[in-house]
Structure formats: C-alpha cells, structure tokens
Amino acid sequence: MVNPDAGSDDRPDLPERVVVEEMSETVELADAFRDLVAGGASVIGVVGGDGSTGCAAGVAADLDVALWPIPGGTLNHFSRALRVETFDDAIQALETGHTRRVDLGDAGGVPFVNNASIGMYGDLVRHRERLEDRLPVGKWMCAGLATVRTVASACALSIEIDGRSERVFMVFVGNNRYDGIGQGTRRRLDEGLLDVVVLCAPRKLPRLTLMALAATGRFTRSRFVKRTSQAQVRVRVAESTSLAFDGEARPITGEVLFRSREAALRVVAPSTDS
C-alpha cells in the first residue's frame, strides 16, 4: 500500500510478486489494510510515514499477519529502529524472508509504533499540520515554527496518572525506551515496556525555562521531568486535549490506558544479530 501524501516522492522498484495499491482518499486506511488481508495477503507492506505504518501495524497485529515497513515518509522512525533505512534495505529484508516479533504500543485502542502523548506534544503536531497546509515551506521548517508557537502558548493540564494527581505540560509514552523524548534511538523494541515521561508544570516553572528545554531537547535532564519504564500507565484528563500518536493527532477527553502489547507485531526486518 502506497501513501501518495508521504514525505518522499520516490517509489521502490518492487519484486513482481508484490501487488501494489495506492491509497484511496475515499477509504479508511485501516479498512483498506483489512481488505488486503481478506483478499489473501499474508504480509502487509506500506510505503509511507510513521502514521501510515502505525495504522498498518495495528491491523497486522490484530489479524496476525506480518508487517513490511518500507520507508517513504519524512522521518521513518520505526523503520529506522528496525534497521530498514532505505528501499533497498526493505527489499533485501523481504527477499531473505526474515521476520521477528516486536512490541506495539496502544493508547486506548489506538495503535502506535513510536510514541503517543497528551498535552503539549499533541498541540505541536496540530500546529505543524496547520502550518503545512498554509505555508509553502518544508516539514522541518513547519515543525520548528510549530515548536515555538506551541511552547509560547502551552497551558498546564490537570491530570491523574495511575491515580496520582499532577499538573503537567505533557505526558509522553514511548513504545520501548528512547535515548531522548521522541528523538534519538531505541536499542530494543521487544522489552514489553513503555517509556513514560511526564513534564510537570509547577507554578514556579518560568515560560523561558520551558522554551529553553524545548529548544535544546534537554527535557529528560530537567528536575521538572519524571521518567519511568512500565508495562502500562493510566491517564485521566479533566479537560479536552490532544492525543498525538506517530505524527498524527486527535482530540480526547476522560481516561486513556496506555499499554505495551508485548511481541504483538511480526515485522519483516533484518535480524538483530545480522
């Protein structure tokens, strides 16, 4: 399945035995993947970014078929974590036929391969998407402008996290542990754990400090950050906010259970020993 709106204009030279279909704007993406499996596909391949890949991963895990990620978006964090960085890497992985089990994140029924979050990060994604629609500049420029705008207007949220009351700017949940928050690398994708990072919002945290943390990517080194690794985390929000997942976003209210679906996803990817 090819996403024509993904960040790259390149298309892979695929083997003849691979059936290629382009995404239709009139069909829900998850339904299109389910139709492929119903039609006999034993492997779901997707050329697109992390959002398309995450949707395909949810269907693949539910129907117990393999996911073949082909990098074709702007960032491709998940395929890079699998050591599939180019079209050639993806084709080589398919030709060798090697598959392995990795974890899949779940946010209240929404699958994610990289991370999900509430609060400030979700607002950043929403601002970035609006800028991409309005400005004739690249995604990286839009992301930078969105970061400045988001931090400047960030509001604290009152939440309960595993029954504990907190005021936060953001709750970030990674599918396995990151070196940084949504940046850097993940050494493992099969530990069955979530990387839970809470950016607290005490009243003494100045706005300039928050902007400096965002600009330098030093959230994890701040005393305002709480970080744990756990199999699941339950978050209840008192007001409407955004749930961001793999570069996508949707509004949420109430309770969200973030959990690791350990070894739920079978992927076509190089062996970790190779």
Side-chain angles (χ1 to χ4, degrees), residues 50-51 54 104-131 143-178 180-183 193-261:
D50 290 311
L104 180 65
D106 184 280
V110 177
F112 61 94
V113 291
N114 294 324
N115 55 71
S117 65
I118 63 171
M120 191 175 73
Y121 191 77
D123 293 337
L124 188 154
V125 173
R126 180 166 48 82
H127 290 321
R128 188 204 68 201
E129 289 175 343
R130 288 180 177 176
L131 289 172
L145 293 173
T147 298
V148 173
R149 179 176 177 180
T150 301
V151 171
S153 60
C155 296
L157 295 172
S158 296
I159 70 167
E160 287 185 7
I161 180 165
D162 286 340
R164 183 181 71 251
S165 296
E166 295 275 9
R167 287 184 76 251
V168 304
F169 283 116
M170 176 182 69
V171 178
F172 172 97
V173 181
N175 178 25
N176 287 277
R177 189 174 177 87
Y178 280 80
I181 300 180
Q183 302 175 2
L193 293 172
L194 302 174
D195 187 11
V196 181
V197 183
V198 180
L199 176 59
C200 300
R203 300 191 184 280
K204 63 182 178 181
L205 178 59
R207 187 57 55 102
L208 287 177
T209 299
L210 179 59
M211 296 184 79
L213 290 173
T216 60
R218 296 172 65 89
F219 283 115
T220 55
R221 301 181 185 179
S222 168
R223 69 181 186 275
F224 301 110
V225 168
K226 298 178 181 179
R227 188 174 194 175
T228 59
S229 295
Q230 51 198 89
Q232 67 178 42
V233 60
R234 192 178 302 273
V235 179
R236 176 176 291 277
V237 294
E239 60 226 78
S240 178
T241 185
S242 296
L243 171 69
F245 53 98
D246 293 336
E248 309 293 329
R250 67 173 59 172
I252 59 162
T253 54
E255 183 175 282
V256 179
L257 174 64
F258 298 87
R259 63 189 179 95
S260 173
R261 296 176 60 183

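Any value given below was found using the heavy atoms of this structure, including those in side chains, with hydrogens, waters and symmetry copies removed.
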- Can you check side-chain contact (heavy atoms from CB on, under 4.5 Å) on Ile252 and Thr241, steps first, answer last? CA-CA 6 Å; Ile252 59 162; Thr241 185; 3.9 Å; yes
- Query: Could Arg250 and Glu248 be called an ion pair, given the rule that one side-chain N must be under 4.0 Å from one carboxylate O?
  - Reply: no
- Message: To the nearest 0.5 Å, what is the distance between CG on Asn115 and CG on Asn175?
- Response: 9.0 Å
- Can you measure from CG (Asn176) to CG (Leu104) and round to the nearest 0.5 angstrom? 10.5 Å
- Note on the structure: When every non-hydrogen atom of Gly54 is compared with those of Pro111, the smallest separation belongs to O-CG, 3.8 Å
- Can you list every pair that meets salt bridge (Lys or Arg N to Asp or Glu O under 4.0 Å) and has a residue in residues 153-163, with sequence neighbours left out? none
- Message: Could you walk me through whether Leu243 and Phe245 satisfy the side-chain contact (heavy atoms from CB on, under 4.5 Å) test, starting with their C-alpha distance in whole Å, then the side-chain angles of each, then the deciding distance to 0.1 Å, before giving a yes or no?
- Response: CA-CA 7 Å; Leu243 171 69; Phe245 53 98; 4.2 Å; yes
- Show the numbers, then the answer: is there a side-chain contact (heavy atoms from CB on, under 4.5 Å) between Arg177 and Leu193? CA-CA 8 Å; Arg177 189 174 177 87; Leu193 293 172; over 6 Å; no
- Query: Got a second to check how far Asp195's CG is from Phe172's CZ, nearest 0.5 Å?
  - Reply: 6.5 Å
- Return the minimal non-hydrogen interatomic distance between Val173 and Phe112, and the atom names on each side. O-CE1, 3.7 Å
- Indicate yes or no: at least one non-hydrogen side-chain atom of Tyr178 is less than 4.5 angstrom from one of Val197. no
- Message: Quick check for you: to the nearest 0.5 Å, what is the distance between Ser117 atom OG and Met170 atom CE?
- Response: 7.0 Å
- For the pair Arg259 (side chain) and Gln232 (backbone), establish whether a donor and an acceptor sit closer than 3.5 Å, ignoring hydrogens and angles. no
- Starting from the C-alpha separation in whole Å, work towards a yes-or-no answer on side-chain contact (heavy atoms from CB on, under 4.5 Å) for Phe258 and Ile118. CA-CA 11 Å; Phe258 298 87; Ile118 63 171; 4.2 Å; yes
- Query: Rounded to the nearest 0.5 Å, how far does CD of Glu239 lie from CD1 of Ile159?
  - Reply: 10.0 Å
- Distance, nearest 0.5 Å, that separates CZ of Arg236 from OG1 of Thr253: 9.5 Å
- Message: Main chain of Asp246, side chain of Asn114: is a donor-acceptor contact present, judged purely on distance under 3.5 Å?
- Response: no
